[in-house]
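Everything numeric here is computed off the predicted structure, so don't read it as measured data. Whatever order the structure lists ligands and atoms in, that order sets their numbers, starting from 1.
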Amino acid sequence: MIVMERAFQAKTKIMEARDLTALKSLLPLNPDDLLLTEERLLEILTPPPFVKCLPRERLGQGPNTPQLIEAAVHEAGAGYRRVIGIGGGATLDLAKLLTLEQALPVADLFSSPDKLIKARSLVLVPTTPGTGSEVTPYCAVYFPEVGAQLILNSSSLCADATFLCPELLDGIPFNVLAASSFDAFTHACESYLSALSTPFSRLLSLQAIRMLLCAWQDITHMGSGALADAISQMQTAGTMAGIAYANAGAAAVHAISYPLSTRLKIKHGEANYLVFKAVMDLYRHKAPHGALSGLQELIATVLGGEPDMAFETLDQLCQNLLPRRRLSVYGMQEGQIIEFTDMVLTRQNMLIANGYTQLSAGDIANIYRSLL
Ligand SMILES: [Fe+2]
C-alpha cells in the first residue's frame, strides 16, 4: 500500500500593518536592503536615499522570463543582504529569486534544484489580494521560446516575513481586484478538495472561502461603500488560501486555465474564473459525494439556497463582479481544443494528478468545447 505524505507547515511570519504609516514603522529600511517594487509605489513609500531601489518596470513588463531575471540579477548587484519585494505576484516571485546565492542561469534552477540556496533574507508585501505568493514556496518563470511557464517549488523560496497592508491595495482597478480574488478562491477550493489536504490546511481553505464569499456579497449589495473593508478581507483570505495551497497544492482548474494564460494571454485569475464552474460541474457529475459536498454546503450556508445549486448561486454572484465571456471572444479557435488538452496532460500532469477526481483527455477537451 502506498502511504501518501501529508504535512502542514507555514514558514513565514505574517504581520498586519493597518496603513502605510504602520508599515513604515514596522518595516524600517536598512542600507543593505534591496527594494524591488513598482514606480507608483516608490512615490508612496518614499524610501530613504541610502536604500537601493529597483523598480520592476525598468526590467520589463509581463511575466518573469529568464531574460528579465538576468537583468534583475545584474541590476541588483551583490551588495545587499535583505530583499524586500512589494507588488503583485510577478514582483514577489522575482524578489524570491534575488535572495538566491546563484540565480543564473535560470534554466539550471529547474534542472538542479540543489542550486536553490537562499543567501539573503526576504520580506514580501503583496499589493494584490490573490496570488498568495508571499506565503508559498512557488515561483513562476515563463520561457517565451517554448511558450511554457514552469514553477519552482522550494522551501528556499519562502519569505521570512510578510506584511499585509490593505492601504497598498487602494486604487486597484476593480476587474483586477475581482480576478485576483478569484485566484485566491480557486487556491482555497482546490487545496480543500486535494488529497494532500490536512485538517489544518482545510481549516484555512474554508475560512478563506467564507471570507471571500462575504466580501463579494458585500460589494454587490453595498457597492463601492463596502470596498475598503472588502479589500482588507480579501487580502487576509488570499494569504490564508496561499498557505493552504502551499501545503495541499492546486489542481485541475489551474491546469486547464494554463493554456488560456500562456496561449491566449488571459490573466491568471480571470483564466481560473473562466474554467472554474465547468470543472466543478464535472466533479459533481463524476464524484458528487466526498469533499465536494462539504464545499457546496459551505457556499450554500453563506450565499443561501440549496447545496445542490451552490455552484449556480456562486456563479450568479461572480457574474456581477466579473462577467464571464466565451473563450472564442478571447480568440480561441476550435482547432486549439486538442492542442490545449495536450498541453494540460503533458505540462500540467502533476496538477491533474492532484485533482478531486481523475479527468481524462476527453473530459478536458469537453470542458474547452463547452466554454468555446
Ligand atoms: Fe493561482
Check: With a 4.0 Å cut-off, would you call Asp315 and Lys277 a salt bridge?
Finding: no

Check: With a 3.5 Å cut-off and no angle check, do the side chains of Ser155 and Lys118 form a donor-acceptor pair?
Finding: no

Next item on the list: Answer yes if Leu322 and Met211 sit in the same cluster of Ile, Leu, Val, Met, Phe, Trp and Tyr residues linked by side chain heavy atoms under 4.5 Å apart, and no otherwise.
Entry: no

Next item on the list: For the pair Arg202 and Glu190, find out whether any cationic side-chain nitrogen is under 4.0 Å from an anionic carboxylate oxygen.
Entry: no

Item checked: Tyr192: partners by ring pair (Phe, Tyr, Trp, His ring centres under 6.0 Å), with sequence neighbours left out -> none

Item checked: Centroid-centroid distance, Phe340 to Tyr258, less than 6.0 Å -> no

Notebook entry, point to check: Is any protein N, O or S atom closer than 2.8 Å to the Fe ion (ligand 1), and if so, which?
Noted result: Asp183 OD1, His187 NE2, His254 NE2, His268 NE2

